[in-house]
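See below for the structure under consideration.
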There are 2 protein chains.
Amino acid sequence: MDLRHLRYFIAVAEEENIGRAAARLHISQPPLTRQIQQLEDELGVRLFTRTPKGMELTQAGELFLAEARNIRAVVEQATERAQRAGQGKLGRLDVAIFGSAILDAIPKLLLTFRKAYPDVKIVLHTMTKAEQIEALRQRRITVGFNRMLAPQPDLATELVATEPLLLAINENHPLARETNIPFRMLAEHPMVLFPTGARPSFIDKVMGLCQEAGFVPKVSQEVGDAVTGVALVASGFGICLVPESVTTLTLPGVVFRPLQDAPAQAWVDLSCIYRADDQSPILAAFLETARLFRQHKQNEDGAIIATGTESWVADI
Amino acid sequence: MDLRHLRYFIAVAEEENIGRAAARLHISQPPLTRQIQQLEDELGVRLFTRTPKGMELTQAGELFLAEARNIRAVVEQATERAQRAGQGKLGRLDVAIFGSAILDAIPKLLLTFRKAYPDVKIVLHTMTKAEQIEALRQRRITVGFNRMLAPQPDLATELVATEPLLLAINENHPLARETNIPFRMLAEHPMVLFPTGARPSFIDKVMGLCQEAGFVPKVSQEVGDAVTGVALVASGFGICLVPESVTTLTLPGVVFRPLQDAPAQAWVDLSCIYRADDQSPILAAFLETARLFRQHKQNEDGAIIATGTESWVADI
DNA sequence: AACGTCAATACCTTCAGGGTATGGTGTCGG
DNA sequence: CCGACACCATACCCTGAAGGTATTGACGTT
């Protein structure tokens, strides 16, 4: 049996007349007669009673008509779903994020993507950088978010956002009196660094910047993530350099200050990482969304920094 | 797209290798390659990524595999259901019965049929003889049960059961003292007749028998159906000839007596009636069941009459 | 009786599906 | 580094099934 047989059968059942059905199907009458006979033979069932007026469905035919229509609908739906999946509009995207990445850019990007591709199910996984790379290789995730990604032969990265570094200080800290803090002033104060774990990491970024500014920072404590770092600042452990997005996290006693005279590299990247060989249309769609998102964000950046500055003023 | 494409696609998806899939499908590898390409072209979607190890499903392919399996199952089920419907094993049978027909043979026959064809939905309609004929012509019912059916050009009948006539008498009636009542003794006693309505009917049967026995019955009352007739007997309105199956209906004060010297025709038929042009396999199956049922019943008849007689003895 | 309207049959034609042979590409062991 | 191997893809031929035209057969209608 063939889908053609079903199409023909439905036409004949609806027209109750082979000639008219044949016209509707744009074929001539005899082949249609034959196809119907074939279908009946194959099923071993009379689907029609032939009357001088035309073709009339038997009970079995009546039942099979309902089934045939159902099959037609199911097939149509299947092709349509496959096509949408092929365009990345339907399916599942497994995304890994690291601890404090939920703070700003990523949720907005995910929201944008979900708006554009509402039938793609986004599954979030929290993983460290090393876990993300491992999971990508095992195809357990499609894309991961991280900072400071070392290039990998089989993985590609895409820059999602760049953020300036801010200084998190306890409000009672001497530096908190300053509005704009020259970068070299950091040399004198114990500093909380993060994250421990896989290198290269944000720690290396900070160390590099200090080195460039001509000093080696006093390390007060190394911690696992930004949230813990800011928490230690709140308890008076020292100062801590953090990406701007961490400011969405407010802890009592902590204030954020921009850096003056900071080296040009005092910006930190947020990238996403994915398999270089992944041709999945969903990934392609996601990366495209990320690209658009970043452009959009850059256009807004002036505004963000302006309002940001205002809020620091208000903070003082 | 074709069911063949789906079959091939499923095979390739399962084997993850065109060569093996081709072997499984008993075709050679190149045509299978082509069919898969065709399917992909038609859908406009890559279903597989070609690796040096073989064929690997894409996300869209994964989804389409599930759909394809579903379609395969639906098609299988549809053909199977159509076949069963063609054998009369699936569908609906609209049956008409008359008032007191529920008393004996019909429910047993319907039960037998339902046991043999459990997926045929039996819908019961209560109709008079005239209504049944009308409903058959309009195809609102498939088969009707009745007695005394006059032959119709477009309708056929099938004898389902023959039953002897018994006499229903009030226990205080003088005849109740007799065990075997000669038929001619009925001449002297007022009689309840039924059913009123369409002729020929059971009334004509009774009148004919009396005429043959050489008398004209004294009519006490004409009523609509056997149940009412027996009820009148219970109230002392007179005697009433009834088919044997009515004895399943016990009313206080009513006893049933066999007839002695009854004419050979003192049996009444229960037949079913159906469209002569109805080719429905369900009807055929039902008529076949009715035939078997009747043969079976005839074989048992001796026993039934015997126990019947015993129960008359017990009744006295 | 003649005509009209169906479906069914006979016979031809075409093209899609299947076969064989071969090419192209990546992986693996020597 | 190279040949052997395992894949899939391509080229080309062949057969059979689907479609076309012409006609028959069955049945109602005028």
Side-chain angles (χ1 to χ4, degrees), chain A residues 1-43 45-58 60-61 64-65 68 137 153-154 275-279, chain B residues 1-58 60-61 65 68 137 153-154 275-279:
Chain A
M1 187 176 48
D2 227 334
L3 291 182
R4 181 187 40 255
H5 288 113
L6 298 184
R7 222 173 60 240
Y8 288 4
F9 166 72
I10 292 172
V12 174
E14 283 174 355
E15 299 289 345
E16 297 189 325
N17 175 313
I18 291 196
R20 277 201 302 278
R24 185 172 119 183
L25 294 166
H26 306 297
I27 62 173
S28 60
Q29 170 256 317
L32 184 52
T33 294
R34 255 197 337 213
Q35 293 292 322
I36 297 298
Q37 288 171 340
Q38 274 182 20
L39 180 60
E40 288 183 325
D41 287 353
E42 195 165 341
L43 294 177
V45 171
R46 295 275 282 188
L47 297 171
F48 295 98
T49 54
R50 277 70 170 170
T51 73
K53 289 169 57 189
M55 309 282 277
E56 200 175 324
L57 283 171
T58 62
F64 192 67
L65 175 59
R137 296 224 165 95
D154 53 344
R275 294 179 67 96
D277 66 352
D278 191 338
Q279 297 298 310
Chain B
M1 188 175 48
D2 228 331
L3 291 182
R4 181 188 39 255
H5 287 113
L6 298 184
R7 222 174 58 241
Y8 288 5
F9 167 71
I10 292 172
V12 174
E14 283 173 358
E15 299 289 345
E16 296 188 328
N17 176 314
I18 290 195
R20 277 200 303 277
R24 185 172 119 182
L25 294 166
H26 307 296
I27 63 174
S28 60
Q29 171 256 318
L32 184 52
T33 296
R34 254 197 338 214
Q35 293 293 322
I36 297 297
Q37 288 171 341
Q38 273 181 22
L39 180 60
E40 288 183 326
D41 286 353
E42 195 165 343
L43 293 177
V45 170
R46 296 274 283 188
L47 297 171
F48 295 99
T49 54
R50 277 71 170 171
T51 74
K53 290 170 55 190
M55 308 283 277
E56 200 175 324
L57 283 171
T58 61
L65 175 59
R137 296 222 165 97
D154 52 344
R275 294 178 68 96
D277 65 352
D278 192 338
Q279 297 297 311

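Below, chains carry the letters A, B, ... as their sequence lines are ordered, and counting in each starts from 1. Just so it is clear, the structure is predicted and the values come from calculations on it, not from any experiment.
Distance check, rounded to the nearest 0.5 Å: CD1 of B:I10 to CZ of B:R7 gives 9.5 Å.
Within the 4.5 Å cutoff, the side chain of B:L6 has heavy atoms near those of the B:M1 side chain. Using a 4.5 Å heavy-atom cutoff, the side chains of A:M55 and A:T51 are not in contact.
Heavy-atom contacts of chain A under 4.0 Å fall on DNA chain D between two terminal nucleotides, which in 5' to 3' order are D:dA18 to D:dC27.
For B:H26 and C:dG17, the NE2 to C1' distance is 17 Å, given to the nearest whole Å. Between the CG atom of B:L25 and the P atom of C:dG17 there is a distance of 15 Å, rounded to whole Å. The separation between B:L3 atom CG and C:dG17 atom P is 13 Å, rounded to whole Å. The CD atom of A:E56 sits 15 Å away from the C1' atom of C:dA7 (whole-angstrom rounding). Remark: P of C:dA7 and CD1 of A:I36 are 11 Å apart, rounded to the nearest angstrom. With rounding to whole Å, A:Q35 atom CD is found 15 Å from C:dT9 atom P.
Nucleic acid contact for A:H5: none, since no nucleic acid atom lies under 4.0 Å from a heavy atom of the residue. Across all strands, A:R4 comes closer than 4.0 Å only to sugar-phosphate atoms, never to a base (heavy-atom distances). Among the atoms of the strands shown, only primed sugar atoms or phosphate atoms (P, OP1, OP2) are found under 4.0 Å from some heavy atom of A:Y8.
Remark: side-chain polar atoms of B:E15 are not paired, donor with acceptor, to backbone N or O of B:R20 under 3.5 angstrom. The main-chain N or O of B:T58 is never found under 3.5 Å from a side-chain atom of B:T49 such that the two would form a donor-acceptor pair.
Using a cut-off of 4.0 Å between Lys/Arg side-chain N and Asp/Glu carboxylate O, B:K53 and B:E16 are scored as not salt-bridged. In this structure, B:D154 does not pair ionically with B:R275, as no charged nitrogen and carboxylate oxygen lie closer than 4.0 Å. Under 4.0 Å is where a charged nitrogen must lie from a carboxylate oxygen, and between A:E40 and A:R50 at least one such pair does.
B:F9 has its ring centre less than 6.0 Å from the ring centre of B:F48.
Considering all non-hydrogen atoms of both residues, A:Y8 and A:L25 come closest at CD1-CD1, 3.4 Å.
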Strictly under 3.5 Å: I want the nitrogen or oxygen pairs between protein and nucleotides 4-6 of chain C, one per line.
| from | atom 1 | to | atom 2 | distance (Å) |
| --- | --- | --- | --- | --- |
| C:dC6 | O5' | A:N17 | ND2 | 3.2 |

N/O to N/O distances under 3.5 Å, protein versus nucleotides 22-24 of chain C:
none

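Counted by atom type alone, A:Q37 and A:T33 present zero donor-acceptor pairs between their side chains at under 3.5 Å.
In terms of position along DNA chain D, the nucleotide closest to B:P31 lies nearer the 5' end than the nucleotide closest to the other residue of the pair A:Q38 and B:P31.
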